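First listed ligand is number 1; within each ligand, the first listed atom is number 1. Worth saying up front: this structure is predicted, and the values here are computed from it rather than measured.
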Amino acid sequence: MTEDLFASPDRENLAPGAVLLRGRALPLEGPLLEALDEVTAQAPFRRMVTPGGYEMSVAMTNCGEAGWVTDRKGYRYDPIDPETGRPWPAMPAAFRRLAAEAAVDAGYPSFAPDACLVNCYEPGARLSLHQDRDERDFDQPIVSVSLGLPATFQFGGPKRSDKPRRIPLQHGDVAVWGGSSRLHYHGVLALKDGDHPALGRRRINLTFRKAL
Ligand code: MD6
Ligand code: FE
């Protein structure tokens with residue numbers, strides 16, 4: 001019943017609490033790409049090291065009040081960029097606006113993100129199955145924006161061993177998830193080579209969180 005009320009060709013329910021809004025970022029493409037350049041000029045992409053000592057294939061940066069970081073000591077949200085010693089760049093207005101509007105569309109009217117992790121994939125880069133559990137409040141959803149080259153998202157269940165579904169993500173797609181799928185395992189398969197008109201040989205993913 002509820003599925004029917006919200007059904008639309010641009011909307012796909014992935015799991016209870018998780019919705020894919022195809023093309024939802026496209027109306028804000030110009031302002032988003034401009035804001036991305038401003039963020040990465042102040043806090044450049046870097047490949048972080050996991051607690052186990054591996055350098056991640058995905059390059060990352062952040063904006064907002066806190067940024068997600070990993071190093072030999074562990075994973076955490078930090079108000080300071082360890083590379084620059086300065087606070088992360090403020091969250092640009094276009095970022096904040098898209099995150100809030102997409103959350104409303106997905107049924108999360110009071111989402112107010114304080115952190116945005118920016119992931120940069122070059123061909124071959126991948127993100128292995130993981131849970132996002134470094135945030136304080138799992139009642140808040142995560143809003144995830146895909147830009148640039150297409151990728152295959154893996155979306156599993158509450159256990160690492162749950163077989164993941166494969167979901168193709170394109171430039172402009174926005175996934176919002178929370179509710180009972182908030183802690184489900186997920187990842188991104190190795191990026192295929194290609195050339196995107198706006199972003200070249202890269203995929204950029206913005207994930208908005210209420211971290212603190
Ligand atoms: C990515 N995204 O799409 C990686 N996590 O590049 C994530 O790991 C992710 O998209 C939590 C919620 C949404 C996501
Ligand atoms: Fe994640």
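Listed by atom number, the atoms of ligand 1 under 4.0 Å from His130 heavy atoms are 8 (O). The contact set between ligand 1 and Asp132, taken as ligand atoms under 4.0 Å from a residue heavy atom, comprises 5 (N), 11 (C). Applying the 4.0 Å criterion to heavy atoms of Asn205 picks out, from ligand 1, the atoms 1 (C), 2 (N), 3 (O), 4 (C), 6 (O). The atoms of ligand 1 that sit less than 4.0 Å from any heavy atom of Leu127 are 4 (C), 8 (O). Counting the atoms of ligand 1 from 1 in the order shown, those under 4.0 Å from a heavy atom of Arg203 are 1 (C), 3 (O), 6 (O). Near Asn119, with a cut-off below 4.0 Å to any heavy atom, the atoms of ligand 1 are 4 (C), 6 (O). Residue contact check: Val188 has heavy atoms under 4.0 Å from atoms 1 (C), 3 (O), 4 (C), 6 (O) of ligand 1.
Between Asp71 and Arg76 there is a salt bridge, with a side-chain nitrogen of the basic residue lying less than 4.0 Å from a carboxylate oxygen of the acidic one. The existence of a salt bridge linking Asp81 and Arg46 is confirmed by a sub-4.0 Å separation between a basic side-chain nitrogen and an acidic carboxylate oxygen. Ion pairing between a basic and an acidic side chain is recognised when a charged N comes within 4.0 Å of a carboxylate O; Arg24 and Asp10 show no such pairing. Under the 4.0 Å criterion applied to side-chain N and carboxylate O atoms, Asp173 and Arg22 are assigned as salt-bridge partners.
Protein heavy atom at the shortest distance from atom 5 (N) of ligand 1 is His186 NE2, 2.7 Å. Looking from atom 10 (O) of ligand 1 to the surrounding protein, the closest heavy atom is Ser144 OG, 2.6 Å. At the shortest separation from atom 4 (C) of ligand 1 among protein heavy atoms lies Tyr121 OH, 3.5 Å. Of the protein's heavy atoms, Trp177 CH2, 3.2 Å lies nearest to atom 13 (C) of ligand 1.
A cation-pi geometry, defined here as NZ or CZ lying under 6.0 Å from the six-membered ring centre and within 45° of its normal, does not hold between Arg182 and Phe138.
A donor atom on one side chain and an acceptor atom on the other are found under 3.5 Å apart for Glu135 and Tyr77.
Looking only at N/O/S atoms, Asp132 comes nearest to the Fe ion (ligand 2) through OD1. Counting just the N/O/S atoms of His130, the one with the shortest distance to the Fe ion (ligand 2) is named NE2.
Environment of CD in Glu122: sparse, with no more than 12 heavy atoms of neighbouring residues, nucleotides or ligands closer than 6.0 Å. Within 6.0 Å of CZ on Arg47 lie more than 12 heavy atoms contributed by other residues, nucleotides or ligands.
Between His186 and Trp177, the ring center distance clears the sub-6.0 Å criterion.
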